[in-house]
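Note sheet for the following structure.
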Amino acid sequence: MLTRIPKGTKDILPPESARYQAMEAMMREKAKLAGYQEIRTPVFEHTELFLRSVGASSDVVRKEMYTFKDKGDRSITLKPETTAGTVRAFIESSLYAQALPMKLYYIFAPHFRYESPQSGRLREHHQFGMECFGAKEASADAELILIAMDVLSSVGLQGIALRINSIGCPKCRPAYQEKLKAYLNGKREKLCKDCVERIDINPLRVLDCKNPACQAELTDAPRMIDALCDECHDHFEDLQSYLRAANVEYVVDSGIVRGLDYYTKTVFELTAETPNGTMTACGGGRYDKLVEEIGGPDIPAVGFGMGMERVLLLLDLMPPEMHKLKMESNAPDIYVASLNRSLAANAFPLMLAFRAAGLKADMDHAGRSLKAQFKYADKLGAAYVTVLGEDEIQKDMITLRNMSTREETEVSLMEAPEKLAAMISKRSEEE
RNA sequence: GUGGGUAUAGUUCAGUGGUAGAGCGCCAGAUUGUGGCUCUGGAAGUCGUGGGUUCGAACCCCACUACUCACCCCA
């Protein structure tokens, strides 16, 4: 157990960590272009927050939360999603008193759900997400959808499908729910036992049951989009006209209802087909009543969450030439080898001088032979190697060996960092 | 919670009852001031755990555990 990672968690090791860095840099850039600013909220919140926002009837709250009592006897929960915490911060810090809409994003936010792990499903995963407060117009919904799609295509994913739906608002949904309940109760015998349970807890969830037998029974079920009030109907029409204006393909899927209870009006998912079936990379929607529900003013909002592990998992299913993430190289510009151990004392300040000139520099820390130092430098992908020996010290000159061309350039010890910096920058210009 | 699969070196895996193996990786040498290629050598394994069958078990049987995949749900 001592050296075993907890179930459903993952270490992000190099070079994988570099992929995250590249993806995060791209996400931040996309967010910035659209005027979103970063928010960072705690890893845990009061349990009550999730009960009120995510909803006591949701699967997430009912069976997946990491909840515990702290030493002060407070019920604490590791966040299973980040919208709730963002809304809490928005209210608590009175961000609504500032210019609205306020656009916020979070990145590499850890999320915890106690479920049995499998491909693309972890107990701790990380999300990139965006939330827009104080924008009631459907253009905000469309903006978020387009950013999410842009992010996915910018890592190199293709074949991402956008599915949208509207699940109405407190004005029109209750009547629809009753109608749906009545319809479902008529089919009680024919539905799976999970669905029968859902009829009373949350009848909407029956609609996205994956059981083919259930789906077959639901073909003529009443649809929310046919029961929307005027306001919700217009909003949904507006969303679609914005999407059309942006030339985005989408399908209206009345089966999308989302597992979190706070959604109103727009809900959407971005999915990809994989050998293991359809996988959701991103999901989101509008939550116009949540801010008020939690104790803030009546402010509409819309947002999405994107699973970062999932995005990379989907990317790995694409051929390597499709990948677009640009990863920074860790390879040293220069490796300072020394002929013997006593010269390490000279190699050390030389290495520091290279670093001071802004170059990635390294040296031997393992007391290895010169040959082994070269081997190691080669493995690291060092662009240049210099060997420090008695001769070099005496003459105050060192030789910079280009590891790919084997070309050697003699420079004075003093000028070496400056000269090498010039050679490296010339080289990167040529690329 | 339900059902499948897997478990042998750091890693990927071979090994169907008789001395625990290979590729890759790692370390060293061949070249006592020079890497990639090649060759040679080396380190590294309670064969997941416990029990059973057998003269003998990595291998057959049982149980357990872990991992993994799928269902459910989701990112």
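- Nucleotides B:C60 and B:A22 are separated by 23 Å at their P atoms, to the nearest Å.
- The base-pairing partner of B:G41, taking Watson-Crick or G-U wobble contacts with both distances under 3.5 Å, is B:C27.
- Distance from the side chain of A:D378 is smallest for B:G36 among the nucleotides B:G33, B:A70, B:G36.
- Taking atom C1' in both B:A57 and B:C62, one finds a spacing of 15 Å when rounded to whole Å.
- The residue A:K379 sits close only to the backbone: its heavy atoms come under 4.0 Å of sugar-phosphate atoms, none of a base.
- A stacked arrangement is assigned to A:H125 and the six-membered base ring of B:A75, with a centre-to-centre distance below 5.5 Å and an interplanar angle below 30°.
- A parallel orientation is assigned to the rings of A:H111 and A:H125, their planes being inclined by less than 30° (bins at 30° and 60°).
- The residue A:E269 sits apart from the nucleic acid: no heavy atom pair falls under 4.0 Å.
- For A:K63, no side-chain nitrogen or oxygen approaches OP1 or OP2 of B:G1 to under 4.0 Å.
- In terms of position on RNA chain B, the residue among A:K371 and A:L270 whose nearest nucleotide sits closer to the 5' end is A:K371.
- Within the 4.0 angstrom heavy-atom criterion, base atoms lie near A:R401.
- Within 4.0 Å of A:G120, counting heavy atoms only, lies at least one base atom of the nucleic acid.
- For A:Q118 and B:U68, the shortest distance from a side-chain N or O to OP1 or OP2 is not below 4.0 Å.
- The P atoms of B:U2 and B:A63 are separated by 16 Å, rounded to the nearest whole Å.
- Of the candidate nucleotides B:C74, B:C69, B:G33, B:G33 has the atom lying nearest to any side-chain atom of A:L370.
- Side chain of A:R310 to backbone of A:T280: a donor-acceptor contact under 3.5 angstrom is found.
- We find that A:E407 and A:R401 are not joined by a salt bridge, their nearest charged nitrogen and carboxylate oxygen being 4.0 Å or further apart.
- Which of B:G35, B:G33, B:C74 sits closest to the side chain of A:R406 comes down to B:G35.
- If you find the closest nucleotide of RNA chain B to A:R123 and to A:R368, the one lying nearer the 5' end belongs to A:R368.
- Salt-bridge formation is not detected for the pair A:E81/A:R113: no Lys NZ or Arg NE/NH1/NH2 atom is positioned less than 4.0 Å from an Asp or Glu carboxylate oxygen.
- The side chain of A:L260 has B:A75 as its nearest neighbour among B:A66, B:A75, B:G33.
- Nucleotide B:U46 forms a pair with no other nucleotide shown, judged by Watson-Crick or G-U wobble geometry with both contacts under 3.5 Å.
- Counting any heavy atom pair closer than 4.0 Å across all strands shown, A:R198 reaches sugar-phosphate atoms only and no base atom.
- Of the C1' atoms belonging to B:G1 and B:A14, the separation is 37 Å, rounded to the nearest Å.
- Separation of the A:Y105 and A:Y36 ring centroids does not fall under the 6.0 Å cut-off.
- Pairing for B:G36 is absent, judged as Watson-Crick or G-U wobble with the two contacts each under 3.5 Å.
- Atom NZ in A:K395 sits roughly 12 Å away from atom C1' in B:G33 (whole-Å rounding).
- The pairing partner recorded for B:C60 is B:G52, the criterion being a Watson-Crick or G-U wobble arrangement whose two distances lie under 3.5 angstrom.
- For B:G23 and B:A9, the C1' atoms lie 12 Å apart once the distance is rounded to whole Å.
- Distance from the side chain of A:S116 is smallest for B:G1 among the nucleotides B:U34, B:G1, B:C74.
- Salt-bridge check for A:E38 with A:R40: passed, with a basic side-chain N closer than 4.0 Å to an acidic carboxylate O.
- Cation-pi geometry between A:R123 and A:Y114 is met: under 6.0 angstrom from the ring centre, within 45 degrees of the axis.
- As judged by a 4.0 angstrom heavy-atom cut-off over every strand, A:A377 is placed among residues making no nucleic acid contact.
- With B:A66, B:A75, B:A28 as the choices, the nucleotide that has an atom nearest any side-chain atom of A:R4 turns out to be B:A66.
- The base of B:C74 is paired with the side chain of A:R310 by a donor and an acceptor separated by under 3.5 Å.
- Using a 4.0 Å heavy-atom distance criterion, A:E392 is classed as a base contact.
- A donor-acceptor contact under 3.5 angstrom links the side-chain atoms of A:E115 to the base of B:A75.
- The side chain of A:F374 sits closest to B:G35 out of B:C74, B:G35, B:G33.
- Across all strands shown, B:G1 forms a Watson-Crick or G-U wobble pair, both distances under 3.5 Å, with B:C71.
- Spacing of P atoms, B:U11 relative to B:U49, comes out at 15 Å, to the nearest Å.
- Salt-bridge formation is detected for the pair A:R19/A:D316: a Lys NZ or Arg NE/NH1/NH2 atom is positioned less than 4.0 Å from an Asp or Glu carboxylate oxygen.
- Nucleotide B:U65 forms a pair with B:A7, judged by Watson-Crick or G-U wobble geometry with both contacts under 3.5 Å.
- A:R113 contributes a side-chain N or O that forms a donor-acceptor pair with the base of B:A75 under 3.5 Å.
- Counting non-hydrogen atoms under 4.0 angstrom, A:M306 reaches nothing in the nucleic acid.
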